[in-house]
> 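First, the structure itself, so that you have it in front of you.
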Amino acid sequence: MSSDNPNNASGPLDFVRQIVADDLGTGKYQGRVHTRFPPEPNGYLHIGHAKSICLNFGIAAENAGGLCNLRFDDTNPCKEEVEYVESIKQDVRWLGFDWADREYYASDYFDQLHEWAVRLIRKGKAYVCDLSADEIREYRGTLTQPGRNSPYRDRSIEENLDLFARMRAGEFPDGARTLRAKIDMAAANVNLRDPVMYRILHATHHRTGDKWCIYPMYDFTHGQSDSIERITHSICTLEFENHRPLYDWYIDALEIYHPRQIEFARLNLTYTVMSKRRLLELVQGGHVRGWDDPRMPTISGLRRRGYSPEAIRGFCSVVGVAKFNSTVDIQLLEHCLREELNRTSPRVMAVLRPLKLVIDNYPADLVEEMDAVNNPEDPSAGTRKIPFSRELWIEQDDFMEDPPKKYFRLGPGREVRLRYGYFVRCTDFVKDAANRVVEVHATYDPATRGGESPPDGRKVQGTIHWVSAAHARPAEARLYDHLFTVEDPGDVPEGGHFTDNLNPRSLEVVPRCWVEPSLAAARAGSRCQFERLGYFCVDPDSTPERLVFNRTATLKDTWAKIQKRT
RNA sequence: UGGGGAAUAGUGUAACGGCAGCACGACUGACUCUGGAUCAGUUAGUCGAGGUUCAAAUCCUCGUUCCCCAGCCA
C-alpha cells in the first residue's frame, strides 16, 4: 500500500492534503487529523466512491495518529437497506482500508439530533410548518426571486414545542407538517430559505425500526454527525459547497464543535455512468446481471471482473484531486490495471477459439513435459510443467490461409515457435464444406525443444500459444467491452435515454475454450494472464467441470492496431 | 437578468511572481521465446482582452465558457 501513498512520493500534495498539512502546521486541531467516509446505504459503491475512500482513509493513514471513520448517513429509511450496508463494508475492507471499531451510523445520533432540534425551537430558530410540499416549493421563490415567509413562521415557541412533540408522537400523517429552520426566505442561497429539518415518515428504519416516525433531513444531520465525531476535515464533493453555509448555520446556532469542510470534484470516467440512479436503473432494467456484473463500474463489479485493490488504489492516486469537474479517460484505469497485473499475474496458456494443429512427425504416443516460466516479471514465481503432444489446440487467429507480409504467425510453409514447445512449420491444412479451416498440419524440429532457437541460428518472427488437446480442460470465457459505445453516455439528444448508448457487444461469451491443465483447480477470484490474450479471472460461476473465466483486460495488441489501420 | 464554484497539451494533474513539468493516449524506433513487458524518442498546453511588474499560468480589471443549487433525496 505504500507504493500508491501520495505522501511517499516526492511530488506535491493535492489541495486537500495541502489544507490538512497547513492546519497541522497552525495547530488548528491540536495536531489531530480525523476524516470519515460517509456513504448512504442506498446502493453499491463504485469507482467514484473509491476515490473518496482513498482520499479519506489515505489522509488519515499518512498523518501520524490520523483516523478515518466509516459512517453510514442513513437518514432516509425509504431508500436504505442492510444489504447495502453489508456490501459497502465488504468493499471498503476489500479495497484495503480499516475503520477499526469506528463504524458509525447517523441513525445512532437520532436522539441527539432530536434534542438539538428542540434546542433550536427553544431559541426561536426553528418552527413547525403546516405547508404542503407543493406550497413550500411555491413559497421558496426561485433562483432569481426571493421566497415568502411561511404563514406558520411566527408560531410561539410553546406551540412549536407542542406540535413537534406531537409530530414525533405520530399524531400526523406523512407530509402533514415539517420542522423548519428559521433563517432567511430572501437568502440568495436557496438552501438558507428556511430549510426543512425534520419530516414525518411513518417508515421502518433498517436500524432504528419503528422507534421514529419523524426523520431528520441529511442537511440537518451531516454536519452535526461530523461534529459529534470530532471530524477535523469533512471532505465531500462539489455539490455540497452550496450547503456549507447551512451546515455552518446549524453548528453556530447549536454552538458545537466545527469541522472544516473541503469540497473536491467527483470522479467521472469515459464509456460508463457513475450516478447511483443510473447504476440502479441498469440493474433493475436487466441491462446487466446485477450490481457485481463485471461490466459495472461498481467495486463489486470491478472485483468480479478481476481488478485488484492495488490497481484501483493506484488509479485513485494517479487521477489526483482537484475542483475541476473532469472526466478521466478509462484507458488510464486500464493502464493502472495492466501495470499491476503484469507484475503479479501468473502466466498460463489458454486457447479461446480452438483450431486443431497436428504435428505429423511427432510420435503419436509421446507426451513431453515442458518447462514454462510462471511470471517473467517475477523470478520467484518459478516454473511449471505443461504437457506437449502430437495434437494441439492453437488459436484460429494464429493461422491464415493467405497471410499478409506483416503477419508473423502460421500460414502455409511458414514457421513459428510454439511457446515453450518447438518450432513448427506448416505443411498443410484442411477445410470443411463451409470453406473454413478446421485443421492445420505441421512438422516440428526436434532441435528446438523448449522453444529454443536451433543450432543453425534460424529465427522465427512469431511465437504462438497452444494447449495439448488430450490434456486441456474445457472452459468458458466471458469477454467484456465498454458498457457504452460513446464516451459520455449521458449525452443524448432530446427525448433520448442514456440506455440508448448501451453497447450491444459489451459481453461476448466464448463457450468452448481449452485451458492448460494447471488451471484445473483454480478458485473463484484467482487471476492469471492467458499468454498473448489478456488478464483473466475465475468467475464465481466456475465449477471444476466447467471453468469460467472473465477477461479483465486484453494485453496491448500492436497487431490488432496494425489491422485496424488497414 | 440570483447565489456558489471552476477553466493549463486529446485526457487527467503539477508549477504557491522567476526555465510550463509529470502521467495516460497517440506516433517513431530498439529489444524480445507473449506482436506482452521493457527502453529510447516524437507529438501537443496556460479560455479571451487589457493592466501591474525587470518578470504573470500565478496578482488586478473586464469578458467568455462550463458545472452546481429552486426534494419533505443524499
Side-chain angles (χ1 to χ4, degrees), chain A residues 11-14 18 38-40 42 73-76 78-80 129 131-133 136-138 140-147 174-180 187-193 195-201 214-215 217-219 221-222 237-245 263 265 267 270 276-277 318-336 338-339 342-343 347 349 372-373 376-377 406-409 417-421 423 448 450-453 460-465 487 529-534 554-562:
Chain A
L13 301 176
D14 59 64
Q18 188 60 58
E40 183 195 9
N42 70 341
D73 274 338
D74 53 354
T75 54
N76 185 352
C78 307
K79 290 187 178 174
E80 295 148 7
C129 182
L131 254 25
S132 70
I136 285 186
R137 188 181 316 120
E138 208 181 306
R140 185 155 34 224
T142 69
L143 294 178
T144 50
Q145 295 168 326
D174 287 2
R177 290 179 222 264
T178 56
L179 181 70
R180 295 227 256 162
N189 183 338
V190 190
N191 292 126
L192 265 16
R193 318 239 263 230
V196 172
M197 293 163 58
Y198 267 90
R199 74 284 218 188
I200 300 171
L201 237 38
I214 55 171
Y215 289 92
M217 297 290 292
Y218 173 86
D219 278 350
T221 305
H222 187 80
T237 43
L238 254 26
E239 67 269 29
F240 294 107
E241 211 155 12
N242 291 329
H243 297 242
R244 181 154 30 97
E263 307 87 7
L267 173 71
T270 55
K276 276 190 191 176
R277 198 197 88 235
V318 89
V319 294
V321 182
K323 297 194 74 155
F324 180 62
N325 214 310
S326 61
T327 301
V328 175
D329 191 334
I330 198 157
Q331 286 184 100
L332 183 57
L333 210 211
E334 288 163 359
H335 162 80
C336 295
R338 291 191 179 103
E339 186 181 53
N342 175 51
R343 271 203 328 269
R347 271 58 169 177
M349 290 204 282
V373 173
E377 306 293 322
K406 288 196 164 172
Y407 184 82
F408 299 157
R409 286 107 96 148
R417 170 189 291 110
L418 293 174
R419 176 144 238 229
Y420 304 126
F423 281 22
T448 58
E452 301 290 340
S453 290
V460 286
Q461 288 244 62
T463 297
I464 66 173
H465 59 275
E487 283 198 12
Q529 183 200 96
F530 288 175
E531 294 224 19
R532 302 210 303 137
L533 296 176
T554 59
L555 255 25
K556 283 204 221 151
D557 189 345
T558 29
W559 170 243
K561 206 177 259 181
I562 291 167

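Numbers restart at 1 for each chain; the letters A, B, ... are given by sequence-line order, proteins then strands.
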> Contact class for T270(A) (heavy atom, under 4.0 Å): base, sugar-phosphate, or nothing?
nothing

> What nucleic acid atoms does R140(A) come within less than 4.0 Å of, heavy atoms only: base, sugar-phosphate, or nothing?
sugar-phosphate

> Need one value for E334(A): base, sugar-phosphate or nothing, where a base atom within 4.0 Å counts as base even if backbone is also close, heavy atoms only.
nothing

> Pairs of donor and acceptor atoms involving the side chains of residues 325-336 of chain A, under 3.5 Å and at least two apart or interchain, shall be tabulated with distances.
unit_1: D329(A); atom_1: OD1; unit_2: Q331(A); atom_2: N; d: 3.0
unit_1: D329(A); atom_1: OD2; unit_2: Q331(A); atom_2: NE2; d: 3.3

> Could you run down nucleotides 15-22 of chain B 5' to 3' and tag each one B, S or - for protein heavy-atom contact under 4.0 Å?
-B------

> Can you list everything that forms a ring-ring contact (aromatic ring centres under 6.0 Å, His included) with F423(A)? Sequence neighbours excluded, please.
none

> Looking at R199(A), I'd like to know whether one of its side-chain N or O atoms comes within less than 4.0 Å of OP1 or OP2 on C73(B).
yes

> If you look at every strand shown and take non-hydrogen atoms under 4.0 Å, does A133(A) touch a base, only sugar-phosphate, or nothing?
base

> Base, sugar-phosphate, or nothing: which does R137(A) touch, judged by heavy atoms less than 4.0 Å apart?
sugar-phosphate

> Not counting sequence neighbours, which residues clear side chain to side chain donor-acceptor pair (under 3.5 Å) with T463(A)? List them please.
R417(A)

> Hey, does E531(A) reach any base, or is it just sugar-phosphate, or nothing, if we go heavy atoms under 4.0 Å?
base

> Mind checking what makes side chain to side chain donor-acceptor pair (under 3.5 Å) contact with R409(A), not counting sequence neighbours?
D398(A)

> Using a heavy-atom cut-off of 4.0 Å across all strands, would you classify Y198(A) as base, sugar-phosphate, or nothing?
nothing

> H465(A) side chain N/O closer than 4.0 Å to the phosphate oxygens (OP1, OP2) of U34(B)?
no

> Restricting to nitrogen or oxygen on both sides, can you table the protein-nucleotides 5-10 of chain B pairs closer than 3.5 Å?
unit_1: G5(B); atom_1: O2'; unit_2: E241(A); atom_2: OE1; d: 3.3

> Under the rule for side chain to side chain donor-acceptor pair (under 3.5 Å), what residues qualify as partners of K323(A), not counting sequence neighbours?
E241(A)

> Return the set of residues passing ring-ring contact (aromatic ring centres under 6.0 Å, His included) with H222(A) (not counting sequence neighbours), or none when no residue passes.
Y218(A)

> Does S132(A) reach a base, just sugar-phosphate, or nothing at all? Heavy atoms under 4.0 Å.
base

> Spell out protein contact along nucleotides 35-41 of chain B as letters: B when the base is contacted, S when just the sugar-phosphate is, - when no protein heavy atom is under 4.0 Å; keep the 5' to 3' order.
BBS----

> Distance criterion of 3.5 Å, no angle test: do you see the side chain of N242(A) paired donor-to-acceptor with the base of C68(B)?
yes

> Atom pairs, N/O to N/O, protein against nucleotides 28-30 of chain B, distance under 3.5 Å?
unit_1: U28(B); atom_1: OP1; unit_2: R565(A); atom_2: NH1; d: 3.2

> Side chain of K79(A) only, heavy atoms from C-beta on: which candidate in C73(B), A26(B), G3(B) is closest?
C73(B)

> Could you pull out all residues at least two apart from H243(A) that satisfy ring-ring contact (aromatic ring centres under 6.0 Å, His included)?
F240(A)

> Let me have RNA chain B in dot-bracket notation, would you? Count Watson-Crick plus G-U wobble pairs, both distances under 3.5 Å, and use [ ] for pairs crossing earlier ones and | for inter-strand partners.
.((((((..((((....[..))))((((((.......))))))...(((((..]....))))))))))).....

> Output the single nucleotide from A14(B), A26(B), C69(B) whose closest atom is nearest the side chain of A322(A).
A14(B)

> By the 4.0 Å heavy-atom rule, please label T142(A) as base, sugar-phosphate, or nothing.
base

> So, does T144(A) get its side chain near the phosphate of G3(B), meaning an N or O under 4.0 Å from OP1 or OP2?
no

> Is G12(B) syn or anti, taking syn as a glycosidic angle within 90° of 0?
anti

